[in-house]
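A short worksheet on the structure shown next.
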Amino acid sequence: MRPRAGEKIALLATGLGPLTPGGRPTRACQVLLGGERIFVESRRVWQRRVHPGVFEVQLRIPRRVSGPAGVRLIAGGRSSNSLVLEVEAS
């Protein structure tokens, strides 16, 4: 199922850096969707005991986005590989 514009989605990633004592990532991260910076609603360790080192980054797809859009995650000045997300119009 393709995500729809306006929906909240979660990206799973590794390599976001060290954690605070409370288990939160210390580095800020950004998401580019279709070359546009998207607000990151939350970022946290995902199922810490089961998948150590895997982070969940939550964001909402802007309503103006539809069709194929490149997605990149940037943390600590380093960029992820790009992937294409096929977004349905809202």
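Across S82 and G70, no two heavy atoms sit closer than the pair OG-CA, 4.2 Å. Listed here is the closest heavy atom pair of I38 and L33: CG1-CB, 3.5 Å. Residue C29 comes nearest to R43 through the heavy atom pair SG-CD, 3.4 Å, listed as atom of the first residue, atom of the second, then distance.
Shown here are the side-chain hydrogen bond (donor to acceptor under 3.5 Å, both in side chains) partners of R4, two or more places apart in sequence or in another chain: E88. For the side-chain hydrogen bond (donor to acceptor under 3.5 Å, both in side chains) test, residues two or more places apart in sequence or in another chain that qualify with S79 are R72. Looking at residues two or more places apart in sequence or on another chain, you find a side chain to side chain contact (heavy atoms under 4.5 Å, CB included) between V84 and P68. Shown here are the side chain to side chain contact (heavy atoms under 4.5 Å, CB included) partners of A13, two or more places apart in sequence or in another chain: L73.
Residue pairs satisfying the salt bridge (Lys or Arg N to Asp or Glu O under 4.0 Å) criterion with at least one member in residues 75-86, sequence neighbours excluded, are listed as follows: R2-E86.
Between S90 and E7, every side-chain heavy-atom pair lies at or beyond the 4.5 Å cut-off.
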| request: Evaluate side-chain contact (heavy atoms from CB on, under 4.5 Å) for V45 paired with V54, printing each intermediate quantity in order. | output: CA-CA 6 Å; V45 176; V54 177; over 6 Å; no
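Remark: T14 OG1 to F55 CZ distance equals 8.5 Å, nearest 0.5 Å.
Summarising the hydrophobic clusters (Ile, Leu, Val, Met, Phe, Trp, Tyr; side-chain heavy atoms under 4.5 Å, direct or chained), the residues clustered with L32 are I74.
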Residues 57-65, side-chain donor-acceptor partners within the protein, below 3.5 Å, at least two apart:
{"residue": "Q58", "atom": "OE1", "partner": "K8", "partner atom": "NZ", "Å": "3.2"}
{"residue": "Q58", "atom": "OE1", "partner": "S42", "partner atom": "OG", "Å": "3.4"}
{"residue": "Q58", "atom": "NE2", "partner": "E56", "partner atom": "OE1", "Å": "3.0"}
{"residue": "R60", "atom": "NE", "partner": "E41", "partner atom": "OE2", "Å": "3.4"}
{"residue": "R60", "atom": "NH1", "partner": "G6", "partner atom": "O", "Å": "3.1"}
{"residue": "R64", "atom": "NE", "partner": "E36", "partner atom": "OE2", "Å": "3.3"}
{"residue": "R64", "atom": "NH2", "partner": "E36", "partner atom": "OE2", "Å": "2.1"}

